[in-house]
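Naming: A, B, ... by sequence-line order, numbering from 1 per chain.
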Amino acid sequence: MKEYIAHIRKILGKKTGIKDLQLEVPRELSHGDLALPCYQLSKEKKAPPGKIAEELAKEIQPDEYIESANALGPYLNFFLKKDRLLKELFSASKKKSLLEPQSQGTVMVEYSSPNLNKPMHIGHIRNNLLGYSISLILESLGSKVIRANLYNDRGMGVSEAIYSYLYLSEKKEPEGKPDHFVGDLYVLFRKKQKENPELEEKAREILKRYEQGDKEVLEAWKKLTQWVMQGYEETYKRLGSKFDKVYWESGIFQEGKKIVEEGLKKGILAKKDGAVIAPLESHGLPDKVLIKSDGTSLYITQDLALAKKKFEDYPLDKSIYVVGSEQELHFAQLFKICELLGIAKAEKMHHLSYGLVLLPEGRMKSREGKVVDADEFLDKITQLASEELSSRGIDNKALAEKIALSAVKFYMLMFEPRKDFVYSPEQSLSFEGESGVYVQYTHARIQSVLEKSGISPGTLRPAFSQLNTEEKRLASLCAAFQKTVEAAAERHKPSLIATYLIRLCQEYNSYYHTHPILTAEKAQKENRLALSYIVKEAIKEGLRMLDIEALNRI
RNA sequence: GGGCUCGUGGCCUAGUCUGGAUAGGGCGACAGGCUUCUAACCUGUAGGUCGGGGGUUCGAAUCCCCUCGGGCCCGCCA
C-alpha cells in the first residue's frame, strides 16, 4: 500500500508542482481507495476545488498501480489496480503474516500489577487484556516487547489482610481458590475497621513490623501472598496473560528510599513537615510526598526504583504503564520526577490510561467487597455460551469456554481505552451483532467453505481479473489492514483493530450472501476462494492481536 | 477552589489526535429471507445535526472560549 501512495504522490507532485500532498482514505469504499481533497490546491491555484479535481482527473493515466482516477465534487479519487493489490495480499497471506514489520526498538509493557491482597475483578480483566493486546500489536510490527508485571506484595492493603489473618479470623487455611480466601480476610478487616477505626493504626503497625523484619508478620506475609499468587496463576492462565519479567515491590522499595535520599542530597528533593517531597509546582504539577514522616515509603517510592530498574535491566526505547485513568496525575508526577532525577526522559515513558469498568449502581468498591469477581464473571459468560451451544444441540465445554473468552476479550477491547464502560449483569455480553462471536462466526464460515472446496490455498493460482464491485471493495478493505494495525500501535488502541474486524466481517458476510463461491465457474471460483482466504487470514491475524484464537468451527 | 476526562437517534458505540464528500455501525422495533457454500447470518423501513451557546474557517461532531451534566484526580492510600 505504501508504494501505491508514494507512486501517486510522485505523479501528483509532477502535475501540481507540490510535493507530499496529503492523501486520505475515503470512508466510503465506493469513492475509491485513496483521495486527494482539492481544497488546499484551490487556495494556491485560485480556482474552485471541483474544477481542479476535474482537470487533474483528465491528466492522470492508468498505469501499473492506478486503475483509474476520477473527480467527485472537490475530490480526486483514485482506484488502485486490485489484481495487483490482491496478488500481493494473497502471497503475503500464505506466508507468516499479512503485516510488513517496521522495527520499533525495545518496549516494556507493564500491566496487571495487582495488589496481592484480594482476587481480581473485572477491572483487572480489562487491564490484563489491554496490556497483553498492546504488547501483541507492538510485537507484530517488529518491536521487541517485554511484558512485565509488578506484584504489589506490601503496603497497606496487604498489611490489612495480614492483620485480619493474625488477629481477626480463626480459619488459618484457605478453602477453595486461595486468592478468594485472602480477599475475604481483607474485606473482613475493612468491615471491622468501620466499627473500630483504631484498626487502621494496627495495620500501620503491621507494615512497620514488616519493614523491621518481624518474624510473625513475615511468615504470615509469605503465606498470604503465596495464596493470592496461586489463585492468580489460574486466572492468568484462563485469560491468557503472560509475563516475561516479574518485579516485586518488596524487592525494590528499599532501593526507592536510596534514590530519594540521593535526590535529597542533590537538592532536587526537599524535606517538609518531616516528610520528603518532590517540589513540582514550578513544573505545573502539585508537589508529591515521596517518604512519609514516619519514614515508611509510599507507592511512588518503589515506583521510582522500579522505573530506574527497568531501564537498567533492558535497553528500553519506551516504557509503557497500563494503569487506570484515576492515576493520571500520579504518573505525570512520576515521569517528571524521573526526569529531574536523571532516571529517564519523560518522553520515553507512557501511561496507557484506561477508563473504569463501572457497575450500574456506580463504581466498584474493593474495600466493601462490592466488585464483580473475575473468576465468577468468566464462569458466568462460559455458562451463557454453553447454553447457547446446547440450544443448537452442541455439548462442548471447551468450545463454550473459547467462545466465552472471544466474547469477553472482544467486548473489553472494542471500546476506546479511555472510555469508562458500564457492565450490567442483566444485559451481559452479546454473542451477536458487533461482537467477538460475530467475527469468529465469519472466520469459521470461511474456513468451512475453503474446506468444502477441497482445494488447498497453496495450489490456487488466482488471476484476480474481472473482479466485480463488491470484490474490489473487499480488496480495498483488506489492503487497509496494515495501516489499521500501525494506527493501533501508535495510538495504543486495540479498539481500532476490533472495529476494523467488524467492518471487514460485515463486508464479507454481505458479499457471501450474494456471491456463490463453490458453484462459480473456474476462474471466478479461484478468485473467490483466494479472496476469502485473504479475508480469513486478516481476521485470524487481527483476532490474534486481541489475543483471541480464531476458531475453525463454531 | 484547581486540573483531567466523557456527553453522538430509546440503549450501546465509531469518527475527534491530523477540520472537508449525504455523521458510520450494533442492540431494540417493524417488514422480509434457510430444498442452495454455517440463519450466532443477510436485506429493507422508521429513528440522530453530534449536551447548550458563542468564536475561528470557504468548511466544525472534530480547533478555541463560555456554559450545563456525568466520572476521575488534587503532599504523607494504592
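A sub-4.0 Å separation between OP1 or OP2 of B:rG7 and a side-chain N or O of A:K419 is present.
When distances are taken from the side chain of A:R491 to each of B:rG26, B:rA78, B:rU16, the shortest belongs to B:rU16. Comparing B:rC4, B:rG15, B:rA78 by their nearest atom to the side chain of A:H330 picks out B:rA78.
On the C1' atoms, B:rA21 is 40 Å away from B:rU36, given to the nearest whole Å.
Going from atom CG of A:L429 over to atom P of B:rC12 covers 16 Å, rounded to whole Å. For the pair A:L329 CG and B:rC77 P, the interatomic distance rounds to 16 Å; values are reported in whole Å. Rounded to an integer number of Å, the gap from A:F415 CZ to B:rU8 P is 13 Å. Regarding A:Q327, its CD atom lies at a distance of 9 Å from the P atom of B:rC74, rounded to whole Å. Atom CG in A:L36 sits roughly 15 Å away from atom P in B:rG20 (whole-Å rounding). Rounded to an integer number of Å, the gap from A:I502 CD1 to B:rC12 P is 18 Å. Per the geometry, CG belonging to A:L501 stands 14 Å off C1' belonging to B:rA14, to the nearest Å. As a whole-Å value, the separation of A:E328 CD from B:rC4 C1' is 6 Å.
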Q: Between protein and nucleotides 40-49 of chain B, map the contacts as a letter string: B base, S sugar-phosphate only, - none, heavy atoms under 4.0 Å, written 5' to 3'.
A: BBSS------
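Judged by a 6.0 Å distance limit and a 45° cone about the ring axis, A:R418 is not positioned over the six-membered ring of A:Y354.
Smallest separation of non-hydrogen atoms from A:V449 and A:L518: O-CD2, 3.8 Å. Taking each heavy atom of A:N149 and A:S113 in turn, the nearest pair found is OD1-N, 2.8 Å. The minimum heavy-atom distance between A:P26 and A:H31, with the atom names listed, is CB-CB, 4.0 Å. Here the closest heavy-atom approach between residue A:A203 and residue A:E160 is recorded as CB-CG, 3.7 Å.
Aromatic ring centres of A:Y151 and A:Y247: separated by at least 6.0 Å.
Between A:E507 and A:R503 there is no salt bridge, since no side-chain nitrogen of the basic residue lies less than 4.0 Å from a carboxylate oxygen of the acidic one.
Taking the six-membered ring where the residue is Trp, A:Y511 and A:Y508 present tilted rings, their angle falling between 30° and 60°. Relative ring orientation between A:F481 and A:Y500 is described as tilted, the plane-to-plane angle lying within the 30° to 60° band. Between A:Y210 and A:F253, the ring-plane angle classifies as tilted under the 30° and 60° cut-offs. Taking the six-membered ring for Trp and thresholds of 30 and 60 degrees, A:Y163 and A:F189 have ring planes more than 60 degrees apart, a perpendicular arrangement.
Residue A:H492 is out of contact with every strand shown, counting any heavy-atom pair closer than 4.0 Å. Counting any heavy atom pair closer than 4.0 Å across all strands shown, A:R553 reaches a base atom. Looking at heavy-atom distances under 4.0 Å, A:E416 makes contact with sugar-phosphate atoms alone, never a base. At a threshold of 4.0 angstrom between heavy atoms, the contacts of A:K271 with the nucleic acid are absent. Among the heavy atoms of the strands, none lies under 4.0 Å from A:N117. Within the 4.0 angstrom heavy-atom criterion, no nucleotide atom of any strand lies near A:R528.
Base-pair partner of B:rA29: B:rU45 (Watson-Crick or G-U wobble, both distances under 3.5 Å). Within the shown strands, B:rG20 is the pairing partner of B:rC58 under the Watson-Crick or G-U definition, both distances less than 3.5 Å. Base pairing annotation: B:rC76 forms no Watson-Crick or G-U wobble pair, as no partner gives both donor-acceptor distances under 3.5 Å.
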Review item, nucleotides 21-23 of chain B N/O atoms under 3.5 Å of protein N/O:
residue	atom	partner	partner atom	Å
B:rA21	N6	A:N77	OD1	3.4
B:rA21	N1	A:N77	OD1	3.0
B:rA21	N1	A:N77	ND2	3.1
B:rU22	O4	A:H31	NE2	3.4

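Residue-to-nucleotide contacts include a donor-acceptor pair under 3.5 Å from the side chain of A:S293 to the base of B:rC76.
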